[in-house]
S.K.: 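Sharing a structure below in structure tokens format, with a few things to ask.
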There are 2 protein chains.
Amino acid sequence: MKYSNQTRILVAVDCIIFGFDGSEYKLLLIQRGFAPEKEKWSLMGGFVQPKESLDMAAERVLNQLTGLHNVYLEQLQAFSSPERDPIERVIAVAYVALIDINKYQKQINDDFHARWFPMKSLPKLIFDHNDMVETALQKLRYKAAFHPILFELLPEKFTLPQLQTLYEGLYDTKIDKRNFTKKVLSTKILNRQDEKDKSSSKKGAYYYSIDEVAYKDNFQNFLNFIPKNDLLLL
Amino acid sequence: MKYSNQTRILVAVDCIIFGFDGSEYKLLLIQRGFAPEKEKWSLMGGFVQPKESLDMAAERVLNQLTGLHNVYLEQLQAFSSPERDPIERVIAVAYVALIDINKYQKQINDDFHARWFPMKSLPKLIFDHNDMVETALQKLRYKAAFHPILFELLPEKFTLPQLQTLYEGLYDTKIDKRNFTKKVLSTKILNRQDEKDKSSSKKGAYYYSIDEVAYKDNFQNFLNFIPKNDLLLL
DNA sequence: TCAAAAGTGTTATCACTACACCCATGG
DNA sequence: CCATGGGTGTAGTGATAACACTTTTGA
């Protein structure tokens, strides 16, 4: 039995994949391999299959491109303008992924001609993908202010200066080093390692890792890193 | 031209319609008029038509039920489990609406047998509608802490005690009257009227209305009313 | 030995919390 | 005249913001 006299619609997922290379935010894009807009830059996407949920579809698509499993992946919102795809109506549900840029190996899937673009110089994307990216960035700014999600962009061990650059990059602002350290460490979310990273200074910066227990306890109740003056909320 | 070899899927919108009657939060539900689950309580919903966006579909559905236009209406998220509807696969995009409960006139559309239920005693709903409501409530708690959206539940003129009850109801907490007044008035979002509401006290409480300009300026940057101890974030 | 980045503490200001009495009025 | 709900101020505490010097070490 089916619902009668109703129009069925193509549904796709599109993944906005953010990375951070130590100094700036990047977005993973592909060169679309089929018409329309063949060869144009695009978000990685795919049609939802009959027996999969949107979450499953997004995971599948993300895995196809990056080879990664268990990455941070969250539904953003549905984009549904009837004319957004010129070929046929497609409702797209956008997903945001945060990945450690170093885990992405170019050779994993080169069919898509994927490339990381700096957020500050994105190409024009097909359809409404630029809007999706803009919406995703706003949501990331909003959410990261209160939830410790930016750690997803870093390797397991990272230094405080790296973390600070991450926050400063997202809000395009400068944070006082002493205040930043105090705030972050007060959450008890970080464990200092004995080891130091000497790649960017002679003295070396201590590595930290996430304390999984404290992380979960604090997830709903993290610090506000948004500079008071220019809150950019969703 | 069409995309070939892809499955098209039914897409619906479902509206989570919140109201506030002066002392408690309510949800507007309908008695479903068709199979499956005929006569069971349900969110108001409808299938997306070929030439309408999801936003348009949600507005249409909301208007059909309430007769209202220009109400606060926001996309919540898509629910997409392949088995959520036993008849046929349907991807549902949930929308949250906040309406002034007094503007809803029962007679506007009685075809749906709509009824306001107190949030504290909701019936079992069809499909995954209870999950949608729970998700919507969490998001409302989260968003209302930082954005002045609860005003949408009140008439144009309202008193501070009413507003306080609204916040206390949402977070199920007691707020000190003096601190609450101070916080709200410090936003400059409210204009005091000369008129008083004497319906609930002999002295009468001043009516306030929204200062549209200050409202827009402050929308992104409102106060945090979540009690520090039990932040319930999304 | 020095350049470059990492690490650390104190003070002032602001926001939040706790708390109690007077006011206005209809009955 | 009094019971009921409405309105208001202050002091203490905790969080945030501003600010500069010392440490380490590879080149």
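This is a predicted model, so every value here is computed, not measured. Reminder, nothing fancy here: chain letters follow the sequence lines and each chain counts from 1.
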S.K.: By the definition side chain to side chain donor-acceptor pair (under 3.5 Å), identify the one residue from B:Glu156, B:Arg192, B:Gln193 that meets it with B:Ser209.
M.R.: B:Gln193
S.K.: Measure NZ/B:Lys203 against C1'/D:dA3 and give the value in whole Å, please.
M.R.: 14 Å
S.K.: Once you apply a heavy-atom cut-off of 4.0 Å, does A:Ser200 come out as touching a base, just sugar-phosphate, or nothing?
M.R.: sugar-phosphate
S.K.: In whole Å, what is the span from the NZ atom of B:Lys182 to the P atom of D:dT10?
M.R.: 10 Å
S.K.: Measure the distance from CZ on A:Arg192 to P on C:dG7 and round it to the nearest whole Å.
M.R.: 8 Å
S.K.: Between D:dT8 atom P and B:Phe180 atom CZ, what is the distance in whole Å?
M.R.: 14 Å
S.K.: Could you work out which one of D:dT25, C:dC16, C:dA6 sits closest to the side chain of A:Lys202?
M.R.: D:dT25
S.K.: State which of C:dA20, D:dG6, D:dC19 makes the closest approach to the side chain of A:Arg178.
M.R.: D:dC19
S.K.: Assess the side chains of A:Ser53 and A:Asp55: does a donor N or O sit below 3.5 Å from an acceptor N or O?
M.R.: no
S.K.: Nearest whole angstrom, please: distance from the P of D:dT10 to the CG of B:Asp176.
M.R.: 15 Å
S.K.: For the side chain of B:Lys183, starting at C-beta, report the closest nucleotide among C:dC16, D:dA17, C:dG9.
M.R.: C:dC16
S.K.: Can you see if the side chain of B:Lys198 gets near the phosphate of C:dG26 - specifically, an N or O under 4.0 Å from OP1 or OP2?
M.R.: yes
S.K.: Rounded to the Å, how far apart are B:Glu195 CD and D:dG6 P?
M.R.: 16 Å
S.K.: Evaluate B:Lys174 against B:Glu168 for salt bridge (Lys or Arg N to Asp or Glu O under 4.0 Å), listing each step before the verdict.
M.R.: CA-CA 6 Å; B:Lys174 281 282 169 196; B:Glu168 290 179 341; 3.7 Å; yes
S.K.: Should B:Ile210 and B:Asn191 count as side-chain neighbours, where that means a heavy-atom distance under 4.5 Å?
M.R.: no
S.K.: Pick base, sugar-phosphate or nothing for A:Lys177, based on heavy-atom distances below 4.0 Å to the nucleic acid.
M.R.: base
S.K.: Rounded to the Å, how far apart are A:Tyr206 OH and C:dG7 P?
M.R.: 8 Å
S.K.: Find the distance A:Asp197:CG to C:dA5:P and express it as a whole number of Å.
M.R.: 13 Å
S.K.: Which of these nucleotides, D:dC19, D:dG9, D:dT16, is closest to any side-chain atom of B:Asn179?
M.R.: D:dG9
S.K.: Evaluate the side chain to side chain contact (heavy atoms under 4.5 Å, CB included) criterion for residues B:Tyr104 and B:Leu28: first the C-alpha distance (whole Å), next the side-chain angles of each, then the deciding distance (0.1 Å), finally the verdict.
M.R.: CA-CA 10 Å; B:Tyr104 173 77; B:Leu28 188 58; 3.9 Å; yes
